[in-house]
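In what follows, every chain begins at residue 1, and chains take the letters A, B, ... in the order their sequences are listed.
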Number of protein chains: 2
Amino acid sequence: MTTQQLTKNQGLVFDVLSHSDSPLSAYTILDKLRDNGFRAPLQVYRALDKLLEFGLVHRLESINAFVACAHPHEGCHNHGITAFTICETCGQVTEFHDHVIEDRLKAFAKGRNFKTGKTTIEIRGTCAGCA
Amino acid sequence: MTTQQLTKNQGLVFDVLSHSDSPLSAYTILDKLRDNGFRAPLQVYRALDKLLEFGLVHRLESINAFVACAHPHEGCHNHGITAFTICETCGQVTEFHDHVIEDRLKAFAKGRNFKTGKTTIEIRGTCAGCA
DNA sequence: GCAATTGATGTAATAACATTACATTTACAT
DNA sequence: ATGTAAATGTAATGTTATTACATCAATTGC
Ligand SMILES: [Zn+2]
Ligand SMILES: [Zn+2]
Ligand SMILES: [Zn+2]
Ligand SMILES: [Zn+2]
């Protein structure tokens with residue numbers, strides 16, 4: 001999945017997120033795209049839904065915001081669980097994968113016959129630069 | 001921390017959550033407490049803030065809802081990171097602690113000089129009973 | 001080509017979740 | 001009793017997300 005096959009609105013939203021140095025809310029994205037003809041939240045949410053589906057964007061559940069994937073070409077989203085650190089001061093987000101964590105979570109779920117869907121791992125705190 | 005030393009509003013909110021078999025949104029709690037004199041969201045949010053602080057309640061970030069802690073007397077909240085499974089069909093929530101996961105997350109944060117604050121781990125899916 | 005279908009878009013309205021601001025009351029220590 | 005901190009009441013507002021419905025564009029089958 002590359003950026004080429006995105007529709008106009010998807011491309012615009014992805015572009016805004018890609019160039020941002022911190023996560024953005026849907027409404028912030030909307031504001032940034034007013035000059036490009038965006039008028040309503042739904043235009044943003046629809047594009048985000050697709051981008052999430054493509055694995056180009058992640059939703060940060062704990063802050064109701066969205067970030068471009070740090071390595072969209074690796075199919076992040078077929079790569080297992082993505083964990084995040086989120087700096088509450090500057091917004092810096094770091095993505096990582098940990099197979100040990102993933103295995104432990106899967107083992108717990110399996111032991112309870114729980115069928116795992118989307119899993120969220122988010123560490124909020126302060127990054128090195130802001131400490 | 002026992003239920004005794006809660007204020008009236010805190011006690012009412014905790015009671016509603018304790019007797020619910022699934023997570024509740026703040027506005028659902030408000031509706032359930034209208035007959036007890038609750039009139040405004042803030043009454044619920046203020047009580048929830050305190051209950052979260054006391055470790056009697058958890059907030060599920062991925063579904064904007066709240067649950068009573070499964071083992072409030074063990075000081076869940078001084079016990080390290082709490083992880084959850086959340087059934088998207090019936091709302092069943094299971095709480096668990098895993099020191100291996102916690103150690104891995106701490107190690108990652110330490111390696112990046114990231115100062116860890118609140119950490120969220122939530123697995124959404126389908127419970128055994130709903131499969 | 002052209003109808004039928006599907007996916008994407010535009011727009012308005014509304015729903016759901018959360019906070020700010022300010023006035024008042026209660027609990028409690030001095 | 002008085003001063004202080006915590007809790008409460010109420011209204012207004014801010015923020016995040018969805019529903020509903022109309023239109024437009026790309027694709028497919030004929
Ligand atoms: Zn990613
Ligand atoms: Zn920072
Ligand atoms: Zn707990
Ligand atoms: Zn279930």
Side-chain angles (χ1 to χ4, degrees), chain A residues 1-17 20 22-54 56-67 86 88 91 118 120 122 124, chain B residues 1-17 20 22-54 56-67 86 88 91 118 120 122 124:
Chain A
M1 173 58 58
T2 76
T3 246
Q4 265 68 359
Q5 55 209 278
L6 298 179
T7 66
K8 184 183 164 220
N9 286 3
Q10 290 160 18
L12 287 166
V13 169
F14 183 65
D15 214 51
V16 166
L17 281 175
S20 173
S22 61
L24 300 176
S25 75
Y27 279 77
T28 302
I29 295 170
L30 174 57
D31 286 340
K32 288 182 184 296
L33 289 174
R34 296 235 181 242
D35 292 345
N36 294 279
F38 274 49
R39 313 296 312 267
L42 196 51
Q43 295 175 285
V44 178
Y45 282 110
R46 284 201 277 227
L48 286 171
D49 283 347
K50 284 298 179 183
L51 295 169
L52 289 166
E53 186 184 320
F54 299 155
L56 293 175
V57 159
H58 298 286
R59 175 182 165 81
L60 302 175
E61 306 285 354
S62 65
I63 60 171
N64 296 324
F66 302 85
V67 282
I86 305 168
E88 291 177 313
K118 190 173 183 321
T120 297
E122 297 176 14
R124 276 147 2 259
Chain B
M1 170 61 58
T2 77
T3 247
Q4 264 68 358
Q5 56 209 277
L6 299 178
T7 66
K8 183 182 166 222
N9 286 3
Q10 289 160 18
L12 287 166
V13 169
F14 182 66
D15 214 49
V16 166
L17 281 175
S20 172
S22 61
L24 299 177
S25 75
Y27 278 75
T28 301
I29 295 169
L30 174 57
D31 286 341
K32 289 183 185 292
L33 289 174
R34 296 235 181 242
D35 292 345
N36 295 277
F38 274 49
R39 312 296 313 266
L42 195 50
Q43 294 175 284
V44 177
Y45 283 110
R46 284 200 278 227
L48 285 171
D49 284 347
K50 285 297 179 184
L51 294 170
L52 289 166
E53 185 184 321
F54 299 155
L56 294 176
V57 160
H58 298 287
R59 176 180 166 80
L60 301 174
E61 306 284 354
S62 66
I63 60 170
N64 296 326
F66 302 84
V67 281
I86 305 169
E88 291 177 314
K118 188 171 183 324
T120 297
E122 298 176 13
R124 273 138 16 253

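Separating the NZ atom of Lys8(A) from the P atom of dA26(D) is a distance of 12 Å, rounded to the nearest angstrom. As a whole-Å value, the separation of Gln10(A) CD from dG7(C) P is 13 Å. Note: CG (Asp49(B)) to P (dA6(D)) measures 15 Å, nearest angstrom. Atom CD of Gln5(A) and atom P of dA26(D) are 16 Å apart (whole Å). Between the C1' atom of dA18(C) and the OH atom of Tyr27(A) lies a distance of 14 Å, rounded to the nearest Å. Residue Phe54(B) contributes atom CZ, which lies 11 Å from atom P of dA6(D) at whole-angstrom precision. Here the P atom of nucleotide dA16(C) and the CD1 atom of Ile29(B) are 16 Å apart, to the nearest Å. With rounding to whole Å, Asn9(B) atom CG is found 11 Å from dA7(D) atom P.
Taken over five-pair windows at either terminus, the axes of the helix from dG1(C)-dC30(D) to dT30(C)-dA1(D) are inclined to one another by 30° (rounded to 10 degrees).
A donor-acceptor distance shorter than 3.5 angstrom exists from the side chain of Glu122(A) to the backbone of Glu61(A), with no hydrogens or angles considered.
If you check residues 30-43 of chain A against DNA chain D, the residues with a heavy atom closer than 4.0 Å are Leu42(A), listed by number. Using a 4.0 Å cut-off on heavy atoms, the residues of residues 58-67 of chain B that approach DNA chain C are Arg59(B), Asn64(B), listed by number.
The CG atom of Leu6(B) sits 10.0 Å away from atom CG of Leu12(B), with the distance rounded to the nearest 0.5 Å. From Tyr45(A), atom OH reaches atom CZ of Phe66(A) across 6.0 Å, with rounding to the nearest 0.5 Å. Taken to the nearest 0.5 Å, the CG atom of Leu30(A) stands 10.5 Å off from the CG atom of Leu42(A). Here the straight-line distance linking atom CG of Leu17(A) with atom NZ of Lys32(A) works out to 10.0 Å at 0.5 Å rounding. Rounded to the nearest 0.5 Å, atoms CG (Leu24(B)) and CD1 (Ile63(B)) are 9.5 Å apart. From Ile29(A), atom CD1 reaches atom CG of Asp15(A) across 11.5 Å, with rounding to the nearest 0.5 Å.
Contact annotation: Lys50(A) side-chain N/O to dA8(C) OP1/OP2 distance is under 4.0 Å. Of the side-chain N and O atoms in Thr7(B), none sit less than 4.0 angstrom from OP1 or OP2 of dA7(D).
Closest approach to the Arg46(B) side chain among dA18(C), dC21(D), dA21(C) is made by dA21(C) (side chain taken as heavy atoms from C-beta onward). Comparing dA8(C), dA18(C), dT9(C) by their closest approach to the side chain of Tyr45(B) singles out dA18(C).
Of the candidates Val57(A), Leu52(A), Leu56(A), Phe54(A) forms a side-chain contact (heavy atoms from CB on, under 4.5 Å) with just one, namely Leu56(A).
Between Leu48(B) and Ala26(B), the closest heavy-atom pair is CD1-CB, 4.2 Å.
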Should Thr120(B) and Arg124(A) be marked as a side-chain hydrogen bond (donor to acceptor under 3.5 Å, both in side chains) after you check the CA-CA gap, both sets of side-chain angles, and the distance that decides it? CA-CA 8 Å; Thr120(B) 297; Arg124(A) 276 147 2 259; 2.9 Å; yes
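A salt bridge is absent between Asp49(A) and Arg46(A): the closest approach of a Lys/Arg side-chain nitrogen to an acidic carboxylate oxygen does not fall below 4.0 angstrom.
Taking a 6.0 Å sphere around NZ of Lys118(A), one finds it holds more than 12 heavy atoms contributed by other residues, nucleotides or ligands.
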